[in-house]
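My structure is below; once you've seen it, I'll send some questions.
For the single chain, residues carry numbers from 1 onward in sequence order. This structure is a prediction, so every number in the text was calculated from the model and none was measured.
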Amino acid sequence: MDTAPPRDSAELTYRDAAEADVTALVALIESAYRGEASRAGWTSEADILGGQRTDPQGVREVITAPGSRLMIVERDGEPVACCQLEHRGEAAYFGMFAVRPDLQGAGLGRRIIAEAERSVRETWGVAEMHMTVISVREDLIAWYERRGYRRTGRMTPFPYGDERFGIPRRDDLAFELLVKALV
């Protein structure tokens, strides 16, 4: 008789990513946002962007930059999610959030963002979490709003022509700043 807990109830562990994690993290991030594999989850950007979401250099820069960390989330020693946390004065920036597509929709994202918020409050004493989301991603923005983030209406242009951020499939993309008070 198998008495092992179901995979959904296995414990999550959180740690800062290291150089040795770069290849696995690039694969995880790409699988959550681009290509056919991303369509297994609900966070896919495949309909609005082609090309890459990140590359080894971009992940390495997040891992090694001062005041920045890439939190890797593991289950049974296997990476299942990650997020960038960057200290920016009185706020922390939350980005590069990826959950393995076959695990999306099961509450992991909610648990991970709560842990990220707790961690930046405790580590950096910040009062707010900031993030940018592609403004046409209404379902994703609504998910963040249910987690307490608010739309600011502050937009940053999408970097058209810089394929490090992907190849746009439409001409109306911009990043909107979302903010959540952590105190």
**Request:** Heavy atoms only: give me the nearest G51-E30 pair and the separation to one decimal.
**Result:**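 Heavy atoms of G51 and E30 come nearest at O-OE1, 4.2 Å.
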**Asked** Does the side chain of L108 reach to within under 4.5 Å of the side chain of Q104, using non-hydrogen atoms?
**Response** no
**Item:** Parallel, tilted or perpendicular: ring planes of Y149 versus Y144, cut at 30 and 60 degrees
**Value:** perpendicular
**Main-chain N/O of E78 paired with D76 side-chain donor or acceptor, under 3.5 Å** = no
**Request:** Spell out, yes or no, whether L85 and L177 are grouped together once hydrophobic residues are joined by side-chain heavy atoms under 4.5 Å, including indirect joins.
**Result:** no
**Item:** Short side-chain donor-acceptor distance under 3.5 Å, T13 and R75
**Value:** no
**Request:** Could you pull out the closest heavy-atom pair between A17 and L25, with the gap in Å?
**Result:**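 That would be CB-CD1, 3.5 Å.
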**Message:** Looking at every non-hydrogen atom in both residues, tell me the closest pair between Y33 and A98 and how far apart they are.
**Reply:**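 Taking every non-hydrogen atom into account, CE1-CB, 4.1 Å.
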**Message:** So, taking the atom named CD1 in I167 and the one named CZ in R169, what distance separates them when rounded to the nearest 0.5 Å?
**Reply:**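 Those atoms lie 8.0 Å apart.
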**Request:** Answer whether the closest heavy-atom distance between the side chains of V120 and F94 falls below 4.5 Å.
**Result:** no
**Asked** In Å and rounded to the nearest 0.5 Å, what is the CG to CD1 distance from D21 to I63?
**Response**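 Result: 6.5 Å between the selected atoms.
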**Request:** Please examine the side chains of F97 and C82, heavy atoms only from C-beta on, and report whether any two atoms are closer than 4.5 Å.
**Result:**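 C82 vs F97: side chains apart.
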**Complete:** Closest non-hydrogen contact found for R53 with E45 is NE-OE1, 3.4 Å
**Request:** May I have all residue pairs that pass salt bridge (charged side-chain N to carboxylate O under 4.0 Å, His left out) and include part of residues 121-131, sequence neighbours excluded?
**Result:** R118-E122
**Request:** Look at atom CD of E163 and say whether more than 12 heavy atoms of other residues, nucleotides or ligands are closer to it than 6.0 Å.
**Result:** no
**Prompt:** With a 4.5 Å limit on heavy-atom distance, are the side chains of H130 and K180 in contact?
**Reply:**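 No, too far: nothing below the 4.5 Å cut-off.
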**Message:** Check this for me, if you would: do E176 and R150 make a salt bridge, where the nitrogen-to-carboxylate-oxygen distance has to be below 4.0 angstrom?
**Reply:** no
**Request:** Work out which heavy atom in S119 is nearest to a heavy atom in R69; give both atom names and the distance.
**Result:**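 Distance-wise, the nearest heavy atoms are OG-NH1, 2.7 Å.
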**Complete:** Cluster membership besides Y160, Ile/Leu/Val/Met/Phe/Trp/Tyr side chains within less than 4.5 angstrom, sorted by chain and number, is I48, L49, I134, V136, F158, F165, L173, F175
**Prompt:** Where the side chain of D162 meets the backbone of P159, is there a donor-acceptor pair that is under 3.5 Å apart?
**Reply:**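 Checking the backbone N and O of P159 against the side chain of D162, no donor-acceptor pair under 3.5 Å is found.
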**Request:** Measure the spacing between SG of C83 and CE of M131 and express it to the nearest 0.5 Å.
**Result:**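 Going from the SG atom of C83 to the CE atom of M131 covers 9.5 Å.
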**Item:** Side chain proximity check, M129 to V179, heavy atoms < 4.5 angstrom
**Value:** no
**Message:** Determine whether D55 and R60 satisfy the following criterion, salt bridge (Lys or Arg N to Asp or Glu O under 4.0 Å), listing intermediate values before the conclusion.
**Reply:** CA-CA 9 Å; D55 58 23; R60 198 171 288 109; over 6 Å; no
**Item:** R151 side chain near I141 side chain, heavy-atom distance below 4.5 Å
**Value:**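 Sidechains of I141 and R151: in contact.
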**Message:** Does any part of the side chain of T152, heavy atoms only, come nearer than 4.5 Å to the side chain of L178, both counted from C-beta?
**Reply:** no
**Request:** Check P101 against S31 and note the closest heavy-atom contact, atom names and distance.
**Result:**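 In terms of heavy atoms, the two residues are closest at CG-O, 3.0 Å.
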**Prompt:** More than 12 heavy atoms of other residues, nucleotides or ligands under 6.0 Å from CD of E138: is that the case?
**Reply:**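 Check passes, neighbour count above 12.
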**Message:** side-chain contact (heavy atoms from CB on, under 4.5 Å) for V126 and H87? Distances and angles first, verdict last.
**Reply:** CA-CA 8 Å; V126 295; H87 190 195; 3.7 Å; yes
**Prompt:** Can you tell me how far CG of L70 sits from OG1 of T64, rounded to the nearest 0.5 angstrom?
**Reply:** 10.5 Å
**Prompt:** Going by heavy atoms in the side chains, are Q84 and Y93 under 4.5 Å from each other?
**Reply:** yes
**Item:** Salt bridge present between R147 and E117 (N-O < 4.0 angstrom)
**Value:**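 The answer is no: the pair does not qualify as a salt bridge.
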**Prompt:** Does L12 share a hydrophobic cluster with M96, counting links as ILVMFWY side-chain heavy atoms below 4.5 Å and allowing steps through other members?
**Reply:** yes
